[in-house]
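Pasting a structure below so you can have a look.
Because only heavy atoms are used, hydrogens play no part in the values below, and waters and symmetry mates are left out as well, while side chains stay in. Throughout, a chain's letter reflects where its sequence line sits, starting with A, and its residues are numbered from 1.
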There are 4 protein chains.
Amino acid sequence: MSQARAESTGDTGAAEAATKKPGTAAGPARPRRRQARGEARIAQLLKAAADVFCTTGYTAASTNAIAREAGVSPGTLYQFFPNKEAIAVELGDRLLTRWQETYGAALQAVRRDQPLDRVLDATLDPLIEFNCANPAFTVLMHGSEIPGMPAKDHDAVHVTMLARVETIIAGYLPDAPPADVTRVATMIFNLVKAGLDVIMAYEGDEREAYIRELKTILYRYLEPMVRDGAHARPDPADAPPNGG
Amino acid sequence: MSQARAESTGDTGAAEAATKKPGTAAGPARPRRRQARGEARIAQLLKAAADVFCTTGYTAASTNAIAREAGVSPGTLYQFFPNKEAIAVELGDRLLTRWQETYGAALQAVRRDQPLDRVLDATLDPLIEFNCANPAFTVLMHGSEIPGMPAKDHDAVHVTMLARVETIIAGYLPDAPPADVTRVATMIFNLVKAGLDVIMAYEGDEREAYIRELKTILYRYLEPMVRDGAHARPDPADAPPNGG
Amino acid sequence: MSQARAESTGDTGAAEAATKKPGTAAGPARPRRRQARGEARIAQLLKAAADVFCTTGYTAASTNAIAREAGVSPGTLYQFFPNKEAIAVELGDRLLTRWQETYGAALQAVRRDQPLDRVLDATLDPLIEFNCANPAFTVLMHGSEIPGMPAKDHDAVHVTMLARVETIIAGYLPDAPPADVTRVATMIFNLVKAGLDVIMAYEGDEREAYIRELKTILYRYLEPMVRDGAHARPDPADAPPNGG
Amino acid sequence: MSQARAESTGDTGAAEAATKKPGTAAGPARPRRRQARGEARIAQLLKAAADVFCTTGYTAASTNAIAREAGVSPGTLYQFFPNKEAIAVELGDRLLTRWQETYGAALQAVRRDQPLDRVLDATLDPLIEFNCANPAFTVLMHGSEIPGMPAKDHDAVHVTMLARVETIIAGYLPDAPPADVTRVATMIFNLVKAGLDVIMAYEGDEREAYIRELKTILYRYLEPMVRDGAHARPDPADAPPNGG
DNA sequence: GATGAATGAGTCTTCATTCAT
DNA sequence: GATGAATGAAGACTCATTCAT
């Protein structure tokens, strides 16, 4: 939890995700069987990309820099990725997969009847842990850097995670109108993203304190809602009387 | 606030440009008189820069594009700003000034003894209004696009606004330890930034709904604190029992 | 007629074609008044482009090579031309203009009632002379190097010259159906292009001999047609009995 | 005709590859046995190369594209051809061979005493037919795309076909000086090439019309010559009176 | 033989910045 | 002050070719 950027460590585990033995399930493209070396290179390149994205952001990241960081020539990079965007997409895919594989079961096990604070712990702790181990996840989760711009392909992490949040929220607010669920989920998601940024900027006790703070915010925001089981008009003790 | 037009001394480390007060500069001070024409040009350039920053983001914005948008030549731009960063710095300065001039008095008038919801309205509504009128403010408020990176010069808006929030919060939590105040202020600030992004992405009723949502979040987060006058251990009804 | 590649010799004459004083006739673009130096650079770049096109062909020509040949940096080239194609387009435009200016009047003076051989001399000699002075004209006249591909922008010379030939032919075959005129013009044009290629490959007496040969071909092809004033069924003495 | 598969000795000047007869090579001759499998591969690659050349032209064709089109890896391609040029050379060789094999006997049978129109039919129809079946032939026949440039290796088709034409013409003009024969043959050849381009660009009736037109041109050009049996001064009825 | 991986120079193009007029 | 010209180092991406398995 303390070692930053450890993703894409050439571990074959992640590599397999894209290996697809030919004949097993013929994808749309030809079964261009990848050699082991190639898989390693891909992992290496994605690790380098994660580093560069974290250091400079997606926009300022250059494919040449990624190749250099990976210790290969630009041409090699383009043997595996058709363009810069595809690198981000694949990186996002793999992180999402790893996220799912690592915490999916645990998250599934979160019961709706548990107290909210437990639910928040069970949901946020893995996310924070994962982001600390894979800082690129935070970067990709931010999606398009230009607000109001149409989502690009490399926003997949953003889109997927938002959808995930919406699903969870919907489970807790079964009686709320869909528009409200979407709105709450959107706020929660962005709130968590922002909180994550702050959390990642600190270490040790300060980080822990910020984590608690984020949980407090979420708890107080959600508690009145789940208490009612809906995004109902909050009672006067919980929300501003004039319009909140 | 107007020292950004540093001489084009080719200094790449333009860091000092934002710290030295006018007149303090020891370097070969060129005549820095600002004529009416110059002021108009600067305003014109900053307006163009704001547009371009909003459209493409700071990183992808090109000085040539800014000059083109302003209808002047690149050379002219560089007669007023030593580099791209200085444009953002000056733009931030001016927005901050305008913000102060427009809403400073009103914000000052917010009395601590008013109910929290009133305070939130009185604080957020101007901010939202101002951001709608000056979308570049949102962009600059985000500061460095790379979380965890050392703040750059054009993060001034970020830094200043954060300080401003901290001051306000400190006023409401007079008995809380400074570290707590900083932490709460940091969370609030980032939360508001994130909320602002979402709000700006919508229009009309949806926007109003998101504004209400943001206020609700802030209200529920802050209400227990201001009720106690400190960042005290929240009582069991308001925070997760396990404190984390 | 003997000195190869002499086009775009920085002569202001050709430069004026694009100079358009602002206010005279507001074009679609802004009146971005070009400085004299810029016009010179354009001429220089077009000359370099002509050289490179002649040496390597359009496809293999690189913008860097053109810039290098012109003795400027790549960036300078792109200050005047948005891309490689535009260079060819502008070069073609200017050559066409120069062609018109140099020989337009003379060609206009060719009377339809003159004997065919005179007409051929009056038409081909200028063309040959012009191509010897501007070898790039030949290159551009060939247009798209991939037969069957849709015409690109830089095929303008090709298209324009073909149209010109068709107009001339139409004048000589007033009673022929349009399809026939087009067909004859197409054949003539391609025949001349091919002949020009050969002619340009030789010098001195050999070149003269090839010029005569080309004229003979054209004469014998056209003579029966203009004799009849139409692309009529040729009489048996002039065409193959079985199908020509 | 099959010596193009030179060892990949990295010699860039592959000029000798097209001139040395098999067995004559003094270099370190590797086993050049061609197995059935190898033949199939080569045919496959050449077919792909023909397609790509026709689609993009020789210059823009990439060896990777050829390999991809052939469904093999780049490495495989280079196991059979030392470089891109060699592919064109071998393709040209094979097309020439096929041309010879398919129509050689028929062309040989063309008797000099037949009427010219019959000769033209007997000569051109096969050529057109062959080009329609093998469009790459047209592409290769054009040889170097840069007029005036020294012929490259892949110009073999160009050179060979020109020689072939010259031989034929020589047979019809036994009394003409060699220089005249060469000149006439050169003109004829280029004229046919140009005509072929046009013909290939059309289909159906239009194509037939263009074929007739090309034959007419050739007939009218050649008829006076063969009538005299020499490239004599054409009589006044056939050529421009001023001779040039 | 065959494959995919690797290369590095090269292509087109952009950009922050400086210069001459 | 203002302009357009100039720069050269990147940036994304390609390609002919070679290498290791």
Inset, instruction - Give a yes/no on whether any side-chain N or O of C/R41 is located under 4.0 angstrom from OP1 or OP2 of F/dA6. - result: yes

Inset, instruction - With heavy atoms under 4.0 Å as the rule, sort D/A67 into base, sugar-phosphate or nothing. - result: nothing

Inset, instruction - To the nearest Å, give me how far apart CG (A/L45) and C1' (F/dA12) are. - result: 15 Å

Inset, instruction - Tell me whether the OP1 or OP2 atom of F/dG11 has a side-chain N or O from A/T63 closer than 4.0 Å. - result: no

Inset, instruction - Taking only heavy atoms on the protein side, list every residue of residues 69-78 of chain A lying under 4.0 Å from any atom of DNA chain E, sorted numerically. - result: A/V72, A/S73, A/G75, A/T76

Inset, instruction - Specify the residue among B/N64 and A/A65 whose closest nucleotide of DNA chain F lies further upstream toward the 5′ end. - result: B/N64

Legend entry - pair D/L77-D/I87: side-chain heavy atoms closer than 4.5 Å: yes

Legend entry - Nearest heavy atoms of C/L91 and C/L140, plus distance in Å: CG-CD1, 3.9 Å

Inset, instruction - Could you walk me through whether C/T56 and D/T59 pass side chain to side chain contact (heavy atoms under 4.5 Å, CB included), step by step? - result: CA-CA 10 Å; C/T56 69; D/T59 305; over 6 Å; no

Inset, instruction - Tell which nucleotide pairs with E/dA16, taking only Watson-Crick or G-U wobble pairs whose two distances are both under 3.5 angstrom. - result: F/dT7

Inset, instruction - Cation-pi check, B/K84 to B/Y58: give yes when NZ or CZ is under 6.0 Å from the six-membered ring centre and within 45° of the ring axis, no otherwise. - result: yes

Inset, instruction - Please determine, for the side chain of B/F80, which listed nucleotide (E/dT17, F/dG1, E/dA2) has the closest atom? - result: F/dG1

Inset, instruction - Check whether any side-chain heavy atom of C/E69 sits under 4.5 Å from a side-chain heavy atom of C/I66, and report yes or no. - result: no

Legend entry - Whole angstrom value for the distance that separates P of F/dT21 from CD of D/Q79: 16 Å

Inset, instruction - Specify the residue among A/R37 and B/A60 whose closest nucleotide of DNA chain E lies further upstream toward the 5′ end. - result: A/R37

Inset, instruction - Round to a whole Å and report the spacing from CZ of A/F81 to P of E/dA5. - result: 11 Å

Legend entry - Length of the CD1-C1' vector between A/I66 and F/dA10, whole Å: 15 Å

Legend entry - Contact check, side chains of D/I42 and D/F81, non-hydrogen atoms, under 4.5 Å: yes

Inset, instruction - Starting from the 5' end of DNA chain F, give me the residue, D/S62 or A/E85, whose nearest nucleotide shows up first. - result: A/E85

Legend entry - Test item: A/T76 side-chain N/O and A/V72 main-chain N/O as donor-acceptor pair under 3.5 Å: no

Inset, instruction - Would you mind pulling out the nucleotide paired to E/dT21, Watson-Crick or G-U wobble, both distances under 3.5 Å? - result: F/dA2

Inset, instruction - Could you state the atom-to-atom distance from NZ of B/K84 to P of E/dT18 in whole Å? - result: 15 Å

